[in-house]
Peer 1: 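Dropping the structure in here first, questions after.
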Amino acid sequence: MPEGHTIHALAARLNRTLGGERLAVSSPQGRFAADAALLDGRPLDQATARGKHLFIDFEDLILHVHLGLIGSFHVKHAVQYDSPGTPARLRLEGRSHVAELRGPMICALVDEEDRQSVLAKLGPDPLHRPDQDTGALRSWDRIARSRKAIADLLLDQSVVAGVGNVYRCEVLFRHRIDPFTPGKELGRVLWERVWNDLVILLPLGMAFSQILTMQDQVDAAAEMVADGSSLSITEALTGERLGDHFERRFHTYKRTGQPCDRCGRIVREQLIGGRTLYWCPGCQRRRRR
DNA sequence: ATCATATGCTAAT
DNA sequence: TTAGCCTATGATA
């Protein structure tokens, strides 16, 4: 679940459901018990997301969370006592809602200096407003200098922050880019198209709590956001969309062996940088810029 | 019951 | 490049 859109939706939801309240903080699982005690009874001032990192400010204390591959951070109504399976690493309880963190890669108290050093290592985030206009150029700076494959660079959080394996595979397909194209051979104009697409796709993913990359779904979702017809303000801002979702459909992600929906060639997979890349060898060919 | 896999990332080799 | 970490889930036995 966790690419950038998930973390941004989570930050917004934490602010909406627990923001400003003094919380009962605990570590049912025990591994975070000492730090949880320090947070207990403090007000949650602000939750902030950048890329896949989440920072929660409790007055002068900062909680740094990264979900990694399998982490989850569920926010639910306090009346629903049913805690699933294993005890949570961290539990935040407010008047109306409870948030439970499980399996995070990072859950630690940090200071402002630590936070800044994390942020300094991140590339532009398509979900961070100030980055949206300048991000194409900043990331291009890195890409244009690299001989690494663009598929590799897209997962490098210091190049672009927040993109994970699904968005990388799908956005490369959407622009018919050969994943193995070296960064320096991609071309600035093509990269700008990719960046601008990410600036549209990630916020939609955040609003709908779902990665949407099929154009018909992207169009439908964008229209819902634009006219606000079936999407409440809250949903648009926090990704708090219970119930109906779009059908789960992708161009290449996890479609190995199936025919490409555009050209019919068989979708392939290959490990690159320890992650499974999915792509269509027909649509995604090397091209001259 | 057991195994493989997962929308991440780091440290060790 | 690989091992390791953290947990949930779906496939396989």
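Remember, predicted model here, so these are calculated numbers, not experimental data. Below, chains carry the letters A, B, ... as their sequence lines are ordered, and counting in each starts from 1.
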Peer 1: Respond yes when some side-chain nitrogen or oxygen of H66(A) is under 4.0 Å from OP1 or OP2 of dC9(B), and no when none is.
Peer 2: yes
Peer 1: What is the distance, rounded to the nearest whole Å, between atom CG of L271(A) and atom C1' of dT2(C)?
Peer 2: 11 Å
Peer 1: I'd like to know if the side chain of N196(A) pairs up with that of E192(A) as donor and acceptor (distance under 3.5 Å, no hydrogens or angles considered).
Peer 2: no
Peer 1: When rounded to the nearest Å, what value does the distance between C1' atoms of dT10(B) and dA8(C) take?
Peer 2: 22 Å
Peer 1: Identify the residue among R22(A), Q46(A), R42(A) that makes a side chain to side chain contact (heavy atoms under 4.5 Å, CB included) with F58(A).
Peer 2: R42(A)
Peer 1: Could you tell me whether E113(A) and R115(A) have a side-chain N and a carboxylate O separated by less than 4.0 Å?
Peer 2: no
Peer 1: Mind checking what makes side-chain hydrogen bond (donor to acceptor under 3.5 Å, both in side chains) contact with R142(A), not counting sequence neighbours?
Peer 2: S158(A)
Peer 1: Specify the separation, in whole Å, of atom CD1 of I106(A) and atom P of dG4(C).
Peer 2: 20 Å
Peer 1: What is the separation between atom NZ on K254(A) and atom P on dG10(C), rounded to the nearest whole Å?
Peer 2: 11 Å
Peer 1: So does Q210(A) get a side-chain nitrogen or oxygen closer than 4.0 Å to the phosphate oxygens (OP1/OP2) of dT7(B)?
Peer 2: no
Peer 1: Nearest whole angstrom, please: distance from the C1' of dT9(C) to the NE2 of H74(A).
Peer 2: 12 Å
Peer 1: Is there a side-chain contact between R102(A) and the phosphate of dA8(C), meaning an N or O under 4.0 Å from OP1 or OP2?
Peer 2: yes
Peer 1: Which nucleotide wins on minimum distance to the side chain of R89(A), given the candidates dT7(B), dG8(B), dT7(C)?
Peer 2: dT7(C)
Peer 1: What is the distance, to the nearest angstrom, from the CG atom on L155(A) to the P atom on dG8(B)?
Peer 2: 7 Å
Peer 1: Closest approach to the side chain of Q29(A), judged atom by atom: which nucleotide of dT7(C), dG8(B), dC6(C) is it?
Peer 2: dT7(C)
Peer 1: Using a heavy-atom cut-off of under 4.0 Å over every strand shown, decide if G164(A) touches base, sugar-phosphate, or nothing.
Peer 2: sugar-phosphate
Peer 1: OP1, OP2 of dA6(B) versus side-chain N and O of Y278(A): anything below 4.0 Å?
Peer 2: yes
Peer 1: Grab the CG-P distance between N165(A) and dC9(B) for me, whole Å please.
Peer 2: 11 Å
Peer 1: Using whole Å, what does the distance between atom C1' of nucleotide dC6(C) and atom CG of L67(A) come to?
Peer 2: 11 Å
Peer 1: So for R248(A) and dT7(B), does any side-chain atom that can act as donor or acceptor lie under 3.5 Å from a complementary atom in the base?
Peer 2: yes
Peer 1: For the P atoms, the ones on dA1(B) and on dC6(C), what distance do you get once it is rounded to whole angstrom?
Peer 2: 23 Å
Peer 1: Closer than 4.0 angstrom, basic N to acidic O: yes or no for R168(A) and E170(A)?
Peer 2: no
Peer 1: Just compare dC9(B), dC6(C), dT7(B) and give me whichever is closest to any side-chain atom of Q157(A).
Peer 2: dC9(B)
Peer 1: Taking only the side-chain nitrogens and oxygens of Y167(A), find out if one of them lies under 4.0 Å from OP1 or OP2 of dT7(B).
Peer 2: no
Peer 1: Rounding to the closest angstrom, what is the interatomic distance between dT5(B) and dT2(C) at atom P?
Peer 2: 15 Å
Peer 1: Looking at R275(A), does any N or O in its side chain come under 4.0 Å of the phosphate oxygens OP1/OP2 on dT7(B)?
Peer 2: yes
Peer 1: Starting at atom CZ of F73(A), determine the distance to atom C1' of dC6(C), rounded to an integer number of angstrom.
Peer 2: 15 Å
Peer 1: Looking at dT7(C), I'd like to know if its phosphate oxygens (OP1 or OP2) sit under 4.0 Å from a side-chain N or O belonging to S72(A).
Peer 2: no
Peer 1: Using the ring pair (Phe, Tyr, Trp, His ring centres under 6.0 Å) rule, pick out the option among F173(A), Y167(A), Y278(A) that qualifies with Y253(A).
Peer 2: Y278(A)
